[in-house]
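Following: one structure in structure tokens, then a few remarks.
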Number of protein chains: 2
Amino acid sequence: MKKLSLLTSGLALCVATAAYANDDLVKQMSDPAQWAIQTGDYENQRYSELDQINTGNVDDLQVAWTFSTGVLRGHEGSPLVVGDTMYVHTPFPNIVYALDLADEGKIKWRYEPKQDPDVIPVMCCDTVNRGVAYADGKIFLHQADTKVVALDSETGEVLWEAVNGDPSIGETNTATVLPVKDKVIVGISGGEFGVRGHVTAYNMETGEQEWRAYSMGPDSDILMDPENTTHLGKPVGPDSGINTWEGDQWMIGGGTTWGWYAVDMEENLVYYGTGNPSTWNPAQRPGDNRWSMTIMARDIDTGMAKWVYQMTPHDEWDYDGVNEMILTDQEVDGEMRKLLTHFDRNGLGYTLDRVSGELMVAEKFDPVVNWTTGVDMDPESDTYGRPAVVAEYSTEYNGEDVNSTGICPAALGSKDQQPAAYSPRTETFYVPTNHVCMDYEPFRVAYTAGQPYVGATLAMYPAPDSHGGMGNFIAWDNLKGEIKWSIPEQFSVWSGALATAGDVVFYGTLEGYLKAVDANTGEELYKFKTPSGIIGNVMTYEHDGKQYVGVLSGVGGWAGIGLAAGLTNPNDGLGAVGGYSALSDYTALGGQLTVFALPD
Amino acid sequence: MKKLSLLTSGLALCVATAAYANDDLVKQMSDPAQWAIQTGDYENQRYSELDQINTGNVDDLQVAWTFSTGVLRGHEGSPLVVGDTMYVHTPFPNIVYALDLADEGKIKWRYEPKQDPDVIPVMCCDTVNRGVAYADGKIFLHQADTKVVALDSETGEVLWEAVNGDPSIGETNTATVLPVKDKVIVGISGGEFGVRGHVTAYNMETGEQEWRAYSMGPDSDILMDPENTTHLGKPVGPDSGINTWEGDQWMIGGGTTWGWYAVDMEENLVYYGTGNPSTWNPAQRPGDNRWSMTIMARDIDTGMAKWVYQMTPHDEWDYDGVNEMILTDQEVDGEMRKLLTHFDRNGLGYTLDRVSGELMVAEKFDPVVNWTTGVDMDPESDTYGRPAVVAEYSTEYNGEDVNSTGICPAALGSKDQQPAAYSPRTETFYVPTNHVCMDYEPFRVAYTAGQPYVGATLAMYPAPDSHGGMGNFIAWDNLKGEIKWSIPEQFSVWSGALATAGDVVFYGTLEGYLKAVDANTGEELYKFKTPSGIIGNVMTYEHDGKQYVGVLSGVGGWAGIGLAAGLTNPNDGLGAVGGYSALSDYTALGGQLTVFALPD
Ligand SMILES: O=C(O)c1cc(C(=O)O)c2c(n1)C(=O)C(=O)c1cc(C(=O)O)[nH]c1-2
Ligand SMILES: O=C(O)c1cc(C(=O)O)c2c(n1)C(=O)C(=O)c1cc(C(=O)O)[nH]c1-2
């Protein structure tokens, strides 16, 4: 712990001297009273130093106030707090509210973009948005229609706009943005529409594009240096983003970038993962399909990739690799290491050295995972770093128009976008997970721009021979690659977790409960039924000396797509409707913020 | 108090021996743990004997649980509680949820009618619905499209359906229904579309129509006996519903019946009020326009009117007379009297003898009321019972196409549909009021079936030279006709009040606060900001020995129509948009139930 904080303050110092546009943000992030970007900090730890609410008193928690967003459907992400202002966003149409915490939550300003509703049917997994970000007196919003907007944080005035993609070819956005240095880094959605994924940096002050890095294509597009960009320690070689594809398939190759972004300012690197290769029918895209399903470490200033790691070469299950990268500094064999921990859709929890990209741990974080026997960890091996695929669950091996059954996890993974938290106090990761399996039948599909390009029929159901539920909330040791404890949940835990210095861990459930558990034991300490299912992420802040915990309710996302979009055919919603149909016995659509505090 | 409860139990006894289909309802209503019809009881007192929550502890109140209805726009009415089940309804599309209180609010069943959305533009004042009613193992819903549905209260199964009106001629519904004896009594909306109002009784078991009483027209239509039906003690005489109109105007005469219903089982009478005459341009309908703007006392079995009282003959301001009739038994000059108290849109608080229809008190319950100098209370006078109209504020006198300015109250009255409460402990009425004035310019309008038939342009604003706000929450002495105390509110109080034996009075505000005040002093004891503006009515119930208070949030209704329907032109929404435009600084659309309780 001592060492850790030294390291952190060293970092803060270094930043201060460099005088970036995000200095103010760095200051906000280091102040536990604030919650200035969606992930809480650049490390994606979702950890707060606040400890007014702790294991001893969390069962006294009360609802302090509430706010309806005026929008239904899935509410992902969380509010931000900067100073006296809370910023609340909504799913499509992506309204942003600035609420005055010093005046009983009065609405200071409201920004409601005019967006063409035609973007709705091009969004694969509900009309979600994972929230706005603050930096440099601005609030950044990346709309569903891919417009990136910078708003004056005091007035809501539009300072600049940039168009990041084209919904008519299936490009949309659901992700938050990452403000770092003098840039705002944004991703793109549309893997189910044959979009070729890209990450783009805009100038924070002007909105001008500074660099764009595609997930596949020529080296000049993917910003990789054949010699200096490494994959598991070896140079990626020339044209890796083309020669691992057949023909021009890379042009509609997926690998979208709709997840979370992390930053190590000291290393000058931004980390994120890429999504599934298009289509879901693996037979239509022979090869490793680089760099879909890949952890990327890119230079913040140039976008050039330093190292990459492809977790699921030639995906056969839609195991997008976009889940968050959590950066920690931990002692490994007596040495402080800069680590990156990632809970992938494919069911493996990875620990890497985030400076070199060295793979240190790859273990199942749900014991039911059956598509692989595990990852080859032998650096000398030809298949080093590759997961060994079990033929029975290989949808490529079983072939087109064959229903591969009993694959675990389902396409939405052992974990989807719902971010985990890390407590440096317990050196433990708290992971909201899915406990769902599937049947998967690939079929041949033709590409038409702007039309679904899926190529598989899916059915999802709770992991068989288990506790009957569709989720677990687990505590994970990233050095040993082991589950410490696991809380069974009836539905997938589609909400982001929060860990605090009070040794309380919070998460939400699809039925709508906010739950607080003991960071050490997992013991449930408190629960409260919010208006609607929770797929938002829990955040905390302090105002006038009081600690608050906030969370958005509003059932939806891929898991809640049946409720959100009013679908009832079990195979609809890319196969998710059937598995989660019981959800309608517990909750209805909503869009509310609930803020909790201890009694005065 | 002693006498009062004797009277009440005498009533219960009388009911029990008669063995009606509503015996079960009467039992539920007499049990303070339940809340079986919208008004709490047949007397519309909105008073509960529960006193676990009281003036001494109400500031400890906490949110116990919440539920999102999945629908936005104005949520009027309240949930019901019968046994272990809570019934929650929504505005259009009028979903009904049965929530299992014994199982953390799990959804037992959900009824979602398929209604033609074409009904929405024919609803004058938001797509509200004032809630379902319970009786005889059934839940009764009167949909926006005027379909009356009886649902099995255990399963949600449809037992019968009846069609009460025709939306294509502007007939819609927003009101709750009244189950009494073997009947379900329902009203109709559409005064702004030239609908001729009617009240209809359906057989509770079969849904067959038993009687219908129009508000105007031939005696056979209005179910009046020229000899035996009285107005201020005198027979109404033949054809009163025709000969107070010019030509056939009565056929499109308004007088709709969208308010609240009360019952005196002992007298076998049902009480309600009728709405404005159509059109809003008084020059187009010379005469007293009977029986618009009238308190009606009708025989439950036959519908025949026993007595009537027209409060605002020949309305010139849209002062619908539909507000609730509150039935109390109080001592007057040493004698117990059966009273009816009514806070009319026109700004006068009326007290009548509910057996004879005798007018006892008619006084302004907001001192700013200026359109009248008061009601002639001299039984010998020619103008007995008539309000004296001030020429300056007479839109008829000033004429067509002339803007009459500074009229108080505005068209939405000193009080609209939001029901008041009465505590027998304090013998006081607690009245949510509007403090709004208007400019009113009538113009000639032609009737086309199903099209708006309004004929006036309005602008509304806070009462000038007052506290600047648009509402007050007042305590009223119905025998003296005097305000006891008054709490200024920034916006109209559009929520129904609740009084309890804990001497706490609850109400909601358009900003979204649930407030609790001392029944004796009006002192604010507690407030909580719910997700959205409150236009629902506060209710209370007991479950497992614990008292709960519930209220629906969801801004809308006429006052909130700007937010609810997305209107911004100040004169839109029948003139309400401008006056309430500041509301968008405080709240956004919602649809949530918030349930409060004391900590364990
Ligand atoms: O490939 C894509 O571009 C893409 C986009 C999104 C998205 O933008 O929400 C999701 C997914 N894929 C996806 O595979 C997935 O499981 C998913 C879940 C969710 C969600 O918010 O609940 N979005 C998405
Ligand atoms: O004349 C009618 O038929 C009619 C209907 C309704 C309604 O059904 O809600 C309202 C009114 N009038 C009306 O005048 C009025 O002030 C009003 C307020 C509200 C409301 O729910 O907020 N409804 C109505």
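Quick note on labels: first sequence line is chain A, next is B, and so on, each numbered from 1.
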Inset, instruction - Can you tell which part of A:Val71 gets under 4.5 Å to a heavy atom of chain B, answering side chain, backbone, both or neither? - result: backbone
Legend entry - A:Asp600 atom CG, over 12 foreign heavy atoms within 6.0 Å: no
Legend entry - Structural part of B:Ser553 lying under 4.5 Å from a heavy atom of chain A: neither
Legend entry - Atom of B:Ala588, atom of A:Ser68 and distance for their closest heavy-atom approach: CB-O, 3.4 Å
Legend entry - Option in A:Tyr586, A:Trp65, A:Trp109 with maximal non-hydrogen atom pairs under 4.5 Å from chain B: A:Tyr586
Legend entry - Winner by heavy-atom pair count (cut-off under 4.5 Å) against chain B, out of A:Lys108, A:Arg110, A:Arg73: A:Arg110
Legend entry - Segment of B:Glu104 engaging chain A (4.5 angstrom heavy-atom cut-off): both
Legend entry - Reported CD1-to-CD distance for the pair A:Ile107 and B:Glu511, which is rounded to 0.5 angstrom: 11.0 Å
Legend entry - Flag side-chain contact, heavy atom, 4.5 Å: A:Gln62 against B:Val63: no
Inset, instruction - Pick whichever of B:Asp585, B:Thr587, B:Leu563 has the most heavy-atom pairs under 4.5 Å with chain A. - result: B:Asp585
Legend entry - Which atom of B:Thr66 lies closest to which atom of A:Lys529, heavy atoms considered: OG1-O, 2.7 Å
Inset, instruction - With a 4.5 angstrom heavy-atom cut-off, could you sort out which part of A:Phe596 is near chain B: side chain, backbone, both or neither? - result: neither
Legend entry - Partner chain A: residue of B:Gly533, B:Ala64, B:Gly590 with the largest heavy-atom pair count (under 4.5 Å): B:Ala64
Inset, instruction - Could you tell me which portion of A:Phe528 (side chain, backbone, both or neither) has an atom closer than 4.5 angstrom to a non-hydrogen atom of chain B? - result: side chain
Inset, instruction - Sort A:Thr594 into side chain, backbone, both or neither according to what part of it lies under 4.5 angstrom from a heavy atom of chain B. - result: neither
